[in-house]
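Structure, as structure tokens:
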Amino acid sequence: MTQEDSGTRWGVVGTGAIAHSFLEGLRAAPSARVTAVGSRTRSRAEEFGRAWDVPNRYGSYEELAADPEVDVVYVATPHPWHHPNTLLMLNAGKHVLVEKPMAMNALQVSEMMAAARANDRFLMEAMWTRYLPAPRLARELVADGAIGELCSVSAEFGINVPYNPDHRLFNADLGGGALLDLGVYPLALASQYLGELTVVGATRQLSPDRMVDTQTTVLVRGENGVSATLGCASRTALPNRAVLAGTAGWIELPAFWTASELVLHRQGREPERFHRPFRANGYEYEIEEVTRCLAAGERQSPDMPWAESARLAVVMDQIRDAGGLVYSPANVKAVPLG
Ligand SMILES: NC(=O)c1ccc[n+]([C@@H]2O[C@H](COP(=O)([O-])OP(=O)(O)OC[C@H]3O[C@@H](n4cnc5c(N)ncnc54)[C@H](OP(=O)(O)O)[C@@H]3O)[C@@H](O)[C@H]2O)c1
């Protein structure tokens with residue numbers, strides 16, 4: 001086997017925006033190469049395959065699932081299809097990295113975990129932010145006591161996307177809503193530092209058709225007593241900053257969901273700025289983690305284990321249910337709010 005032939009063989013499900021970004025990251029990840037792409041339409045698979053030099057191009061996801069030249073599949077479809085696409089791939093014997101949020105609700109996540117266990121396959125929610133160098137450094141600094149004892153976390157992720165009821169972010173049939181799409185990032189950050197989360201309160205704004213949230217603000221308490229205030233929005237440009245505050249100072253992660261720097265503020269000292277630029281576009285780090293896990297025979301990443309994806313899904317269910325926004329497990333259609 002030549003060097004070119006070696007490495008983890010990736011298949012990509014869906015040819016949308018993030019699939020392109022992912023492959024840019026994959027080019028910078030050692031021991032990984034893309035061998036196949038599956039699309040709902042053959043022409044899109046061909047177009048994507050030409051753009052990224054993918055040898056095996058399929059006009060259905062089922063054909064990709066049957067490709068023996070694929071070890072691990074990246075599921076890059078809209079939220080309601082994470083569950084069926086992941087089950088298809090796991091049951092065909094593929095390992096799976098599935099985009100965030102892992103699924104529409106906690107029931108679907110539990111079924112995906114059960115399928116990974118039954119098929120003895122790797123499964124991970126693509127919480128790529130966790131694997132970036134700056135957030136990793138923040139973890140180390142907090143663990144080393146750089147800010148004393150952690151007391152609170154605040155984080156938000158908001159962008160102003162022009163309202164379009166057909167857009168993935170606003171369309172309930174496509175699993176829309178700021179919470180599912182964007183809110184999962186601040187929640188995941190909180191869960192990393194707080195452990196089990198209890199939702200203390202939540203407030204939201206809705207889309208004009210009242211089918212999805214366009215803004216959600218949440219107060220949560222962790223099992224360690226630390227609290228977090230979290231926000232997400234699809235019609236508001238937020239600062240997108242995260243702050244980890246402790247008894248001796250605080251760490252700021254500007255643009256935390258794609259952080260390449262952090263600022264450490266120790267009480268009574270000048271701020272210290274740490275730059276941690278990406279090698280490529282940032283997706284290379286989660287890809288490297290999948291490669292590492294597969295080489296080690298691990299079925300979960302210790303940095304984003306199944307239990308944590310399940311925990312995030314439960315919390316998001318609770319936040320949505322409290323607002324009367326229900327995506328039923330069967331057809332994931334939202335029930336309009338009154
Ligand atoms: N990690 C990140 O930074 C990041 C950023 C953006 C999005 N995401 C996540 O990535 C996923 C996809 O987002 P995206 O922005 O790439 O979406 P997108 O541009 O709309 O692409 C989604 C792709 O999924 C496939 N698909 C399958 N069923 C579909 C359906 N019923 N309607 C529309 N498309 C369908 C399509 O590919 P084919 O037609 O080829 O089958 C489509 O191109 C979402 O889970 C999102 O949350 C992650």
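Hydrogens, waters and symmetry mates are skipped; everything else that's a heavy atom, side chains included, is used. Counting starts at 1 for both ligands and their atoms, following the listed order. Positions are given from 1, in the same order as the sequence printed here.
Applying ring-ring contact (aromatic ring centres under 6.0 Å, His included) to Tyr283 and the options Trp10, Trp128, Phe278 leaves one that passes, Trp128. Of the options Arg299, Met89, Lys94, a side-chain contact (heavy atoms from CB on, under 4.5 Å) to Arg121 is made by Arg299 and by none of the others.
Taking 4.0 Å as the cut-off between side-chain N and carboxylate O, Arg117 and Asp120 do not count as a salt-bridged pair.
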Report all side-chain donor-acceptor pairs from residues 12-30 shorter than 3.5 Å, counting only partners two or more places apart or in another chain.
| from | atom 1 | to | atom 2 | distance (Å) |
| --- | --- | --- | --- | --- |
| Thr15 | OG1 | Arg44 | NE | 3.0 |
| Thr15 | OG1 | Arg44 | NH2 | 3.0 |
| His20 | ND1 | Trp52 | NE1 | 2.8 |

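A parallel orientation is assigned to the rings of Trp250 and His265, their planes being inclined by less than 30° (bins at 30° and 60°).
Phe157 does not carry Arg241 over the face of its six-membered ring by the limits of under 6.0 Å from the centre and within 45° of the normal.
Closer than 4.0 angstrom to ligand 1 by heavy atom are Gly14, Thr15, Gly16, Ala17, Ile18, Ser39, Arg40, Arg44, Tyr61, Ala76, Thr77, Pro78, His79, Trp81, His82, Glu99, Lys100, Trp128, Arg168, Leu174, Asp181, Tyr185, Tyr283, sorted by chain and number.
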